[in-house]
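Heavy-atom basis, side chains included; hydrogens, waters and symmetry copies ignored. By convention in this document, chain letters (A, B, ...) are assigned in the order of the sequence lines, proteins followed by strands, and residues within each chain are numbered from 1.
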Number of protein chains: 2
Amino acid sequence: MRVTQGTSEASAVSLEDQAFERLRHALMEGIFAPGQKLSIRRVAAALGTSPMPARTALRRLATEQALDVLSSGTAIVPRLTRRAFRELSAIRATLEPMAVAMAAGRIDEGQFAALERMILGGEAARAGNDPEGMLRADRDFLFALYRAAAAPMLYGIIESLWLRRGPMFWDARWIILGRNPTGNQHREVLQALRARDGVTAAAELKAEIEAAADYLLSRMRFADDPDDPEGIVRLRPLSLRKLSGKPTGG
Amino acid sequence: MRVTQGTSEASAVSLEDQAFERLRHALMEGIFAPGQKLSIRRVAAALGTSPMPARTALRRLATEQALDVLSSGTAIVPRLTRRAFRELSAIRATLEPMAVAMAAGRIDEGQFAALERMILGGEAARAGNDPEGMLRADRDFLFALYRAAAAPMLYGIIESLWLRRGPMFWDARWIILGRNPTGNQHREVLQALRARDGVTAAAELKAEIEAAADYLLSRMRFADDPDDPEGIVRLRPLSLRKLSGKPTGG
DNA sequence: TTTGTCATAGTGTGATCACAAAATGCGAGT
DNA sequence: ACTCGCATTTTGTGATCACACTATGACAAA
């Protein structure tokens, strides 16, 4: 959890804001694990500040649901239950297509070119077995669209959704990479946006989000999943008989 | 802005959390005016605490978009532009029906009775020219529904939407009271929920929110509305002729 | 009347401290 | 191995302080 010191242009931005952004980035990039406790003093030490900026930044993150707070007051990286993940995905499937529809007709040719490059970057990362690069490219693509919507409240809400699920989603990056077919509909979204067809773009994204949620629900473990009692039973007993040259299986 | 000291059961809750809740309540109940600056020291003095709890509470509120922050760092109660109000209303029209649909089938008979009483309370407040009572009853009704949805993330997002528009909405309470017909569809929503028809309940609420937004857009002033140059021209000149016993009009 | 300058007051921020509560580790007993 | 008690460490919270920056008001000049 060693995070680097800010850059020189940061001198005009408060330490608190810098800490806030640094922590948001850390949440999105899997630097924190779900369930990890973030103590004010330890975060401050890692950031190289006094506890104050870290303290406020952590509280701010809790307010936007990026972090949870234990009864002791300690901030903790969320571990999502199945139910919470379903809820979060349903909200995403509702709001992100809305943002895409709002972006339709607001994207210029330069932005289209940049978006195309992001798609190519994501595809290259997939082909190169680079799950981190894939997640980043996909995220950059979508957030470029949401920025284009010019709807600051909506953008802020979407950000908080992504922050809350950031750590566990990062943990699932190999699962996502291993999905075949990919389920990625960014090209379809972009094509519809080029045609100024916000309705189709929104529908394509909604379908993508919902299918991806279903896929992850079928592949991941969640915070309240019961220990699988059959898991151990599925370990078949070792065969104690002498090997007779025939494979015994198991 | 004198706000009262907490109650005895508050001793187990941090001052910061108490300050946070107190300020949220103040935003919803029109205690702050749009555009009002909230200085840490003045809020702390009013709450009777040191600046620390007030400071963190204000920062938290800014994080959830309930307050804005000036470049100086001072927190300010939002004044919404027309565009921002439209955006906020569109998000509400999308998310609140979603919560109502989720609540369908989760409301027991005791809750229905309480919801009915809230509707009656709102109607009585309207009939008694009590705009504050009306707003409270309507709010209580809707938030009871959203709580019944048992979707904590969605509930938190809806809360932040309501907080952001709280002050200016409060300022519009007489405009809302004066609306005739009221446009209030809570009875229809409740009826659909009784019939376990979440789709209809959601549609009724969506229609209500959208119509209410249109109504307010047509009646209220917003932060970036241009000064109406025709307003002064519409003041007709006084008549300088001697009064001749006939009303001159104007 | 308007504009510019300057002094003062107000403000947010980061640092630090003290204290109470919570967490942790260790040893003893069952 | 597990549980309990105790001492120690860690932790969050509120209070306070100092400093740099911002906002405001008063006064003089045009």
Any residue meeting side chain to side chain donor-acceptor pair (under 3.5 Å) with A:Thr56, in chain and number order, not counting sequence neighbours:
none
Can you sort out the partners of A:Arg24 under side chain to side chain donor-acceptor pair (under 3.5 Å), two or more places apart, ordered by chain and number?
A:Glu64, A:Glu159
Tell me which donor-acceptor pairs under 3.5 Å the side chains of residues 169-178 of chain B have, and how far apart each pair is, sequence neighbours excluded?
residue  : atom : partner  : partner atom : Å
B:Trp170 : NE1  : B:Glu29  : O            : 3.4
B:Arg173 : NE   : B:Glu132 : OE2          : 3.0
B:Arg173 : NH1  : B:Trp170 : O            : 3.0

Side-chain donor or acceptor of B:Gln65 paired with backbone N/O of B:Leu161 under 3.5 Å:
no
All salt bridge (charged side-chain N to carboxylate O under 4.0 Å, His left out) counterparts of A:Arg165, not counting sequence neighbours
none
Roughly, in whole Å, what's the span from CD1 in A:Ile40 to C1' in C:dA21?
14 Å
Can you check side-chain contact (heavy atoms from CB on, under 4.5 Å) on A:Leu145 and A:Ile107, steps first, answer last?
CA-CA 8 Å; A:Leu145 291 186; A:Ile107 301 171; 3.9 Å; yes
Out of C:dT11, C:dT24, D:dA23, which has the shortest distance to the side chain of B:Ser72?
D:dA23
The side chain to side chain donor-acceptor pair (under 3.5 Å) partners of A:Arg117 (sequence neighbours excluded) come to none
Grab the N/O contacts between the protein and nucleotides 15-19 of chain D below 3.5 Å, and write none if there aren't any.
residue : atom : partner : partner atom : Å
D:dA15  : OP2  : B:Ser50 : N            : 2.9
D:dA15  : OP2  : B:Ser50 : OG           : 2.5
D:dA15  : O5'  : B:Ser50 : OG           : 3.4

Taken to the nearest whole Å, CZ/B:Arg59 to P/D:dG14 is 17 Å
Could you state the CD-P distance from B:Glu16 to D:dG12, rounded to the nearest angstrom?
12 Å
So which one's nearest nucleotide on DNA chain C is more toward 5', A:Thr74 or B:Gly73?
B:Gly73
Which pairs count as salt bridge (charged side-chain N to carboxylate O under 4.0 Å, His left out) when at least one residue sits in residues 67-77 of chain A, sequence neighbours excluded?
A:Asp68-A:Arg164
Rounded to 10°, tell me the angle between the two end axes of the helix from C:dT1-D:dA30 to C:dT30-D:dA1, each built from five pairs.
30°
Expressed as a whole number of angstroms, how long is the span from B:Arg42:CZ to D:dT24:P?
12 Å
As a test of reading the structure: which of D:dT24, C:dT13, D:dT13 is closest to the side chain of A:Ser14, going by heavy atoms?
C:dT13
Here the distance between atom C1' of C:dG14 and atom CG of A:Leu47, to the nearest Å, is 14 Å
Please collect all side-chain hydrogen bond (donor to acceptor under 3.5 Å, both in side chains) contacts where either partner lies in residues 72-88 of chain B, sequence neighbours excluded, each pair once.
B:Ser72-B:Thr74, B:Arg82-B:Asp225
Here the distance between atom C1' of D:dT11 and atom CG of A:Leu58, to the nearest Å, is 12 Å
